[in-house]
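Comments concern the structure below.
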Amino acid sequence: MHEEKRKLPLHFYQSEDVISIAKSLLGKQISTNINGNVTAGIIVETEAYMGITDKASHAYNGRFTNRTKTMFEDGGITYVYLCYGIHSLLNVITGPKDTPHAVLIRAIEPTTGIDIMLQRRNMTVLKSNITKGPGALSQALGVDRDINAMDLNGDIIWIEDVSYPLNKKQIVACPRIGIDYAGEDALLPWRFYIRDNIYVSRPVKGL
DNA sequence: CCAGGGATGGACT
DNA sequence: GTCCATCCCTGGT
């Protein structure tokens, strides 16, 4: 089988429904090829950011800056930005042009190139924190701001359907992390993760 | 120019 | 549980 055929098609990303895309990305495999080093993992945690109406979004109220201009491009590219001066956070841009919706990838379950990921994370033993959390998974995949605005159907970074078994009962929806500044929007249940997966960054108690 | 703040993670108690 | 490194981005002067 030729791997190109499993890559998610452009129309997957260009739907207006960023909530559905955030849920659909669970169980998909994201891969990078950085200077010939291929690493990959199954997406197990995402958050949706709904363009100009979402107070937690960088593009809230149509904010268009040198940083956020990537969000206004056609869906199907990456958006990588620096958080807290240290961490590169990886998003998938969705929707048509000028609809700045995004899905933050918050955790993956490593599948390919674990030795390379361990090196990048400066770890010697495989533990779940290798890719637990958005900053950690970016480091493991070798993603930094050089990967910003990159085509998700290219050869550097891509997402594919690997028929990961998943049913809707395994998907937990809860409020997003670290966005207290967003007022009432901080309560929206736009964080999604796979129940009981050990790579999820902060499972909700009791679920 | 400059101050304030942040979609976090790791170390520590 | 608490603390805080670290630096770009933003908006205001």
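So that the names make sense, note that chain A is the first sequence line, chain B the second, and so on, each numbered from 1.
Inspection of the A/Ser57 and A/Asp54 side chains reveals no N or O donor paired with an N or O acceptor under 3.5 Å. A donor-acceptor contact under 3.5 angstrom links the side chains of A/Thr39 and A/Thr32, judged on distance only. Looking only at atom types and distance, the side chain of A/Glu109 has no donor-acceptor partner in the side chain of A/Thr131 under 3.5 Å away. Side chains of A/Thr94 and A/Gln14: a donor-acceptor N/O pair is absent below 3.5 angstrom, by distance only.
Contact annotation for A/Leu104: base contact, defined as any heavy-atom pair under 4.0 Å involving a base atom. Using a 4.0 Å heavy-atom distance criterion, A/Arg121 is classed as a sugar-phosphate-only contact. Within the nucleic acid shown, A/Ala136 comes within 4.0 Å of sugar-phosphate atoms alone, with no base atom in reach, counting heavy atoms only. Nucleic acid contact for A/Leu82: sugar-phosphate only, since backbone atoms but no base atoms lie under 4.0 Å from a heavy atom of the residue. Using a 4.0 Å heavy-atom cutoff across all strands shown, A/Arg145 reaches sugar-phosphate atoms only and no base atom.
Close to C/dT10, at under 4.0 Å from its OP1 or OP2, lies a side-chain N or O of A/Thr65. The side chain of A/Arg67 contributes no N or O atom lying less than 4.0 Å from OP1 or OP2 of C/dC8.
We find that CG of A/Asn66 is positioned 7 Å from P of C/dT10, with the value rounded to whole Å. Computed from coordinates, the A/His87 NE2 to C/dC4 P distance equals 16 Å when rounded to whole Å. Per the geometry, CZ belonging to A/Phe64 stands 15 Å off P belonging to C/dC9, to the nearest Å. Atom OH in A/Tyr81 sits roughly 17 Å away from atom P in C/dC7 (whole-Å rounding).
Under a cutoff of 6.0 Å and an axis angle of 45°, A/Arg145 and A/Tyr81 do not form a cation-pi pair. Both cation-pi conditions hold for A/Arg176 and A/Tyr49: the charged atom is under 6.0 angstrom from the six-membered ring centre and inside a 45 degree cone around its axis.
Chain A approaches DNA chain B within less than 4.0 angstrom (heavy atoms of the protein), and the contacting nucleotides run 5' to 3' from B/dG6 to B/dG10.
For the atom pair CG (A/Leu26) and CD1 (A/Ile194), the distance works out to 5.0 Å, reported to the nearest 0.5 Å.
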* Asked: So A/Ser163 and A/Arg6, side chain to side chain donor-acceptor pair (under 3.5 Å) or not? Walk me through it.
  -> CA-CA 10 Å; A/Ser163 301; A/Arg6 295 195 291 182; over 6 Å; no
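Annotation for A/Ile114 and A/Ile130: closest pair O-CD1, 4.4 Å, computed over non-hydrogen atoms.
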* Structure fact -> Each base of DNA chain C marked ( ) or [ ] if paired in-strand (Watson-Crick or G-U under 3.5 Å), | if paired to another strand and . if unpaired gives |||||.||||||.
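When each of A/Thr68 and A/Ile86 is assigned the nucleotide of DNA chain C bearing its nearest heavy atom, the one mapping closer to the 5' terminus is A/Ile86.
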